[in-house]
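Following: one structure in structure tokens, then a few remarks.
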Amino acid sequence: MNLFNKNTPAKWNNYDIIKYLDEFIELYKERPIKDNTGGMKFPHMFGLFFLLKDLKPDFVVESGIYKGQSTWLIERTLPNVNVLSLDPHLNQRKYISKSDKVKYSNLDFTEQDFSNIPKNALVFFDDHQN
């Protein structure tokens, strides 16, 4: 399992990051939510896209859904990954996945059962919570 902390240097260089840019731009054009004010936009979406492509997790926990743009991005980037999407306000979603790989929950992160989480998992926080 890769664990990152402030004392671990990133293994990436500019070439590693830029090699995904053209692919991301084409994907970004297809995004379902064109005005994602208050949510992820191009720079943050590209950052998540790069991490997903590079780390290739088997499972993603997405804490903070808002309109659903990041759920869409995770699904499109890694179509076979299982996703747990958490948000206390699921009624704000504009994009709702139809995939059986995506499970939604309005329970707080601290109330989730992570006893069976795979070792190669990515937990992504975009929830603006303390």
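- Considering only residues two or more places apart in sequence or on other chains, D113 meets the side-chain hydrogen bond (donor to acceptor under 3.5 Å, both in side chains) condition with S115.
- Applying the side-chain hydrogen bond (donor to acceptor under 3.5 Å, both in side chains) criterion to E111, with sequence neighbours excluded, gives no partner residue.
- Residues N120 and P118 fail the side-chain proximity criterion, which asks for heavy atoms closer than 4.5 Å.
- Of all heavy-atom pairs between F46 and I17, the closest is CZ-O, 3.4 Å.
- Using a 4.5 Å cut-off between side-chain heavy atoms of Ile, Leu, Val, Met, Phe, Trp and Tyr, L107 forms no hydrophobic cluster with any other residue.
- Two residues are said to be in side-chain contact when any heavy atoms from C-beta on lie closer than 4.5 Å; R31 and R76 fail this criterion.
- If you take CG on L122 and CD on E62, they are separated by 10.5 Å, rounding to the nearest 0.5 Å.
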Donor-acceptor contacts, no H, no angles, side chain residues 19-27, under 3.5 Å, sequence neighbours left out:
from: E23; atom 1: OE2; to: K53; atom 2: NZ; distance (Å): 2.8
from: E26; atom 1: OE2; to: K29; atom 2: NZ; distance (Å): 3.0

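- Between P57 and L52, the closest side-chain pair of non-hydrogen atoms falls below 4.5 Å.
- Distance CD/Q112 to CG/D108: 8.0 Å, rounded to 0.5 Å.
- Connectivity analysis of hydrophobic side chains (ILVMFWY, heavy atoms under 4.5 Å, direct or indirect) links F109 to F59, V61, L84, L86, F114, I117, V123, F125.
- Contacts of T37 classified as side-chain contact (heavy atoms from CB on, under 4.5 Å), with partners at least two apart in sequence or in another chain: D35, K41.
- Between the side chain of D16 and the backbone N or O of N13, at least one donor-acceptor pair lies under 3.5 Å.
- Applying the salt bridge (charged side-chain N to carboxylate O under 4.0 Å, His left out) criterion to D58, with sequence neighbours excluded, gives no partner residue.
- The shortest distance between side-chain heavy atoms of K67 and N36 falls below 4.5 Å.
- Annotation: side chain of T71 is in contact with side chain of Y104 (closest heavy-atom distance under 4.5 Å).
- Checked by atom type and distance alone, the side chain of N106 never pairs as donor or acceptor with a backbone atom of P88 at under 3.5 Å.
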Distance-only donor-acceptor pairs under 3.5 Å for side chains of residues 93-102, two or more places apart:
from: R93; atom 1: NE; to: L90; atom 2: O; distance (Å): 2.7
from: Y95; atom 1: OH; to: E75; atom 2: OE1; distance (Å): 2.3
from: S97; atom 1: OG; to: E75; atom 2: OE2; distance (Å): 2.4
from: S97; atom 1: OG; to: S99; atom 2: N; distance (Å): 3.0
from: S99; atom 1: OG; to: K101; atom 2: N; distance (Å): 2.9

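- For S63, the side-chain hydrogen bond (donor to acceptor under 3.5 Å, both in side chains) partners are D127, not counting sequence neighbours.
- Contact check for I74 versus L48: side-chain heavy atoms found under the 4.5 Å cut-off.
- No donor-acceptor pair under 3.5 Å is formed between the side chain of D87 and the backbone N or O of S105.
- Looking at residues two or more places apart in sequence or on another chain, you find no side-chain hydrogen bond (donor to acceptor under 3.5 Å, both in side chains) involving Q92.
- Annotation: side chain of K11 is in contact with side chain of D54 (closest heavy-atom distance under 4.5 Å).
- The two atoms that bring M45 and W72 nearest to each other are CE-CZ3, 4.1 Å, heavy atoms only.
- Clustering of Ile, Leu, Val, Met, Phe, Trp and Tyr side chains at separations under 4.5 Å leaves Y66 isolated, with no partner residue.
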